[in-house]
Amino acid sequence: MRKKVWLDSYPANIPAEIDGCPFSSLPELIDATVRKFADKPAFSNLGQTLSFAELDRLSRDFAAFLQGLAGVARGDRVAIMLPNLLQYPVALFGILRAGMTVVNVNPLYTARELRVQLEDSGAKAIIVVENFARTLQEALPGLAIEHVITTQIGDLLPAPKRWLVNFVVKHVKKMVPAWRIDKACSFNEALADGARSEFASVTIAPDDLAFLQYTGGTTGIAKGAMLTHGNLLANLEQVSLWISASFREGREIAIAPLPMYHIFCLTATLGFMKWGSLTVLIANPRDLPGLVKELGRWQFSVLTGVNTLFNALLNTPGFEKLDFSALKVVVGGGAAVQESVARRWQEVTGSHLTEAYGLTETSPGVCCTPLGDPWNGSIGLPVTSTEVSIRDDDFRTLPLWDGQGDIAQHTGEICVRGPQVMRGYWNKPEETAKVIEDGWLKTGDVGHMNARGYITLTDRKKDMILVSGFNVYPNEIENIVTMHPGVEECAVVGVPDEQCGEAVKLIIVRKDPRLSKDDVVKYCHAQLTGYKRPRHIEFRDTLPKTAIGKILRRELRDAAAS
Amino acid sequence: MNDTIDRWQAADGSWLEMRPMRPDDEAGVKQSLNTLSAKARRNRFFGSIAEFSDAAVRRLVVVDLEKEYVLVVVRRAGEGEGEGEGEVPIAGGRFVEDDEQAECSFSLLIGDAWQGQGIGRRLLKALVREASLRGLRTMRGDVLADNRAMLQLARSLHFALADGEQGDGVVQIVRQLPDAASTRWRGFVRKVLRK
């Protein structure tokens with residue numbers, strides 16, 4: 001058996017293996033945490049803070065409410081379609097405590113994208129913020145959803161702030177398109193209902209499903225990664241061990257600008273929560289001046305983000321004046337951290353940018369750079385209880401890269417084994433078989449490992465574009481654009497982008513010469529959520545093809561990049 | 001003209017015939033191409049094609065006999081030997097010679113309902129045989145990384161990964177071809193054994 005060379009590079013305080021887990025499920029962890037930290041602040045958003053005790057009470061009420069719903073049983077899927085609000089952890093913990101499975105949904109999805117995911121998951125109930133209820137309304141017909149719980153932005157704020165915020169959102173800013181869903185009830189009604197009922201505690205095993213976390217995979221169709229309680233418990237422990245050497249229980253303040261529906265934020269938040277930390281949820285991270293202002297209110301010690309965000313913050317006036325004296329850990333995930341960003345971050349904040357690598361399919365953490373290591377272009381070492389193997393296309397292990405010879409002989413697909421690896425894709429055994437071989441998850445990312453165990457990402461085997469840490473699958477966009485009557489054929493490639501790392505470029509051969517870029521933009525806008533929309537659109541008379549008629553995607557990409 | 005290379009019965013009882021593509025296959029091929037699923041189109045063409053125009057179909061059907069070898073598999077409704085009677089193209093394969101290098105590139109296309117029946121195997125073997133008889137030494141192919149079925153078929157027919165950069169979801173495969181003499185000999189032995 002291959003030696004785990006990375007273990008020799010571990011910082012002294014990081015163990016090789018997780019030392020067992022006292023909890024069998026996330027609810028058990030939640031129970032223990034809320035008991036231990038009862039009066040401490042747990043989550044803050046829009047100026048309101050929930051203590052652990054309040055989080056306990058509200059999520060328990062929500063769980064009781066779910067248990068009382070007709071036609072919804074243990075193991076059923078319940079979807080959450082919310083931005084970062086206090087309602088999120090309440091709903092999340094409520095669903096898990098009721099023994100049901102959470103389906104996190106991007107609230108900015110179009111009706112089509114929403115439908116695909118809800119249909120595949122077979123979700124029976126959904127919690128949605130009013131602002132997007134209209135989209136849900138359009139997607140609903142024919143779905144298995146029997147219960148819709150709507151919430152307004154300010155629902156968990158104290159009166160009169162709640163009324164004020166809800167009023168402004170709806171009637172002043174007009175952010176709520178008219179909607180009508182017959183079976184809908186409000187979040188606060190649901191909580192009241194649950195408070196009147198009896199919550200029946202449920203015994204959950206580590207192998208039971210906690211999340212169906214959707215990702216496109218190599219073929220772009222909706223695939224729900226089945227993440228068990230065991231997967232999440234393991235990963236939050238693995239990540240926690242890596243970064244929390246300096247943490248003090250009940251004292252840390254973590255800022256969460258990334259969306260809770262993204263696995264990186266989800267697991268990180270659960271991990272911080274375990275420490276009794278306060279997590280400040282940022283509802284709108286695109287409002288950079290607002291984000292800087294919010295950061296100014298806290299003596300924050302932990303920040304998670306993505307390269308694009310760190311870069312944007314560094315370029316926002318006022319950021320450099322913030323007080324970083326309490327800052328202990330900054331973790332960048334979702335996409336590669338650029339050297340220039342890491343360097344400037346260090347200069348401005350005095351703290352290192354720790355880079356993490358992972359996938360939805362691995363809950364997500366696989367590798368992390370040691371805390372305090374300066375940027376070195378690597379994605380770090382496999383974390384505790386994690387094995388990484390670099391394999392060729394015949395699944396043979398490749399030798400470690402020692403800096404000599406032909407690097408191509410040492411470069412292959414990054415494969416992962418560990419307790420954080422998903423069980424498989426929901427109802428897609430064929431797709432699962434494509435990525436899990438012999439107990440190893442094939443990530444579709446390509447790189448090499450050196451003799452010290454450090455892994456460097458060099459390429460991507462899967463056909464995927466990473467836009468600000470979000471996965472975009474050319475296949476999905478191509479299939480949709482091809483449906484437009486004016487299009488004969490098209491191809492989507494990723495091109496480098498200063499702001500987002502990569503951007504989407506769409507190349508079209510028109511069937512109808514009158515098709516304009518505007519038409520395409522409008523069409524994409526209706527069908528695709530923001531980060532998937534092509535940033536560049538080009539019309540061509542033909543697409544470059546091989547003699548055999550295959551589109552030369554690489555040539556398109558290289559031409560686009562230059 | 002009997003240019004049939006192979007003839008066999010499919011699971012549904014119909015007769016399948018493999019032969020070189022002819023110009024008058026154009027109409028049938030156009031119709032069959034346009035019934036292909038998005039996935040099949042993507043696997044073959046590496047992109048998304050809404051509709052195969054006449055020009056696109058012509059490029060696929062009109063063969064440069066010097067540089068290309070194109071086979072089609074047609075399904076006959078009945079058992080009759082008459083040419084063109086009730087023939088529906090259901091699969092195809094080709095190779096294109098690389099100027100100057102004794103190399104060629106191949107591709108296959110099997111209609112969605114006809115996959116998994118060994119048609120691809122028959123086609124690829126026929127392509128390999130012909131390429132070898134023409135004196136070509138190497139056959140290459142580009143396959144989407146997640147096209148498992150194609151990669152498995154290729155592997156079973158002695159294709160391996162090509163050297164050099166792979167990526168972007170595309171895998172390049174290659175195999176050396178037997179020399180023409182041994183291919184002719186094997187063909188002869190096969191014919192003799194059949195008698």
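Both backbone and side-chain heavy atoms feed into the values below; hydrogens, waters and symmetry mates do not.
- No other option in P474(A), G494(A), G549(A) has as many heavy-atom pairs under 4.5 Å with chain B as G549(A).
- When the candidates E478(A), K550(A), H484(A) are compared by the number of heavy-atom contacts under 4.5 Å with chain B, K550(A) comes out ahead.
- For the residue pair D518(A) / S516(A), no side-chain donor-acceptor distance below 3.5 Å is found, with atom types taken as modelled.
- Between the side chain of T215(A) and the backbone N or O of T360(A), no donor-acceptor pair lies under 3.5 Å.
- Residue R155(B) touches chain A through its side chain alone, counting heavy-atom pairs closer than 4.5 Å.
- Contacts between R148(B) and chain A at a heavy-atom distance below 4.5 Å involve the side chain alone, from C-beta outward.
- Neither the backbone nor the side chain of T411(A) comes within less than 4.5 Å of any heavy atom of chain B.
- Counted within 6.0 Å of CH2 on W185(B), heavy atoms from surrounding residues, nucleotides or ligands total 12 or fewer; the atom is thus considered open.
- For the residue pair S156(B) / R121(B), a side-chain donor-acceptor distance below 3.5 Å is found, with atom types taken as modelled.
- No cation-pi contact links R41(B) to F45(B), judged by a cut-off of 6.0 Å to the six-membered ring centre and 45° from its axis.
- Of the two parts of F52(B), neither the backbone nor the side chain holds a non-hydrogen atom closer than 4.5 Å to a non-hydrogen atom of chain A.
- Neither the backbone nor the side chain of N147(B) comes within less than 4.5 Å of any heavy atom in chain A.
- Remark: the R112(A) side chain and the T110(A) side chain contain no N/O donor-acceptor pair separated by less than 3.5 Å.
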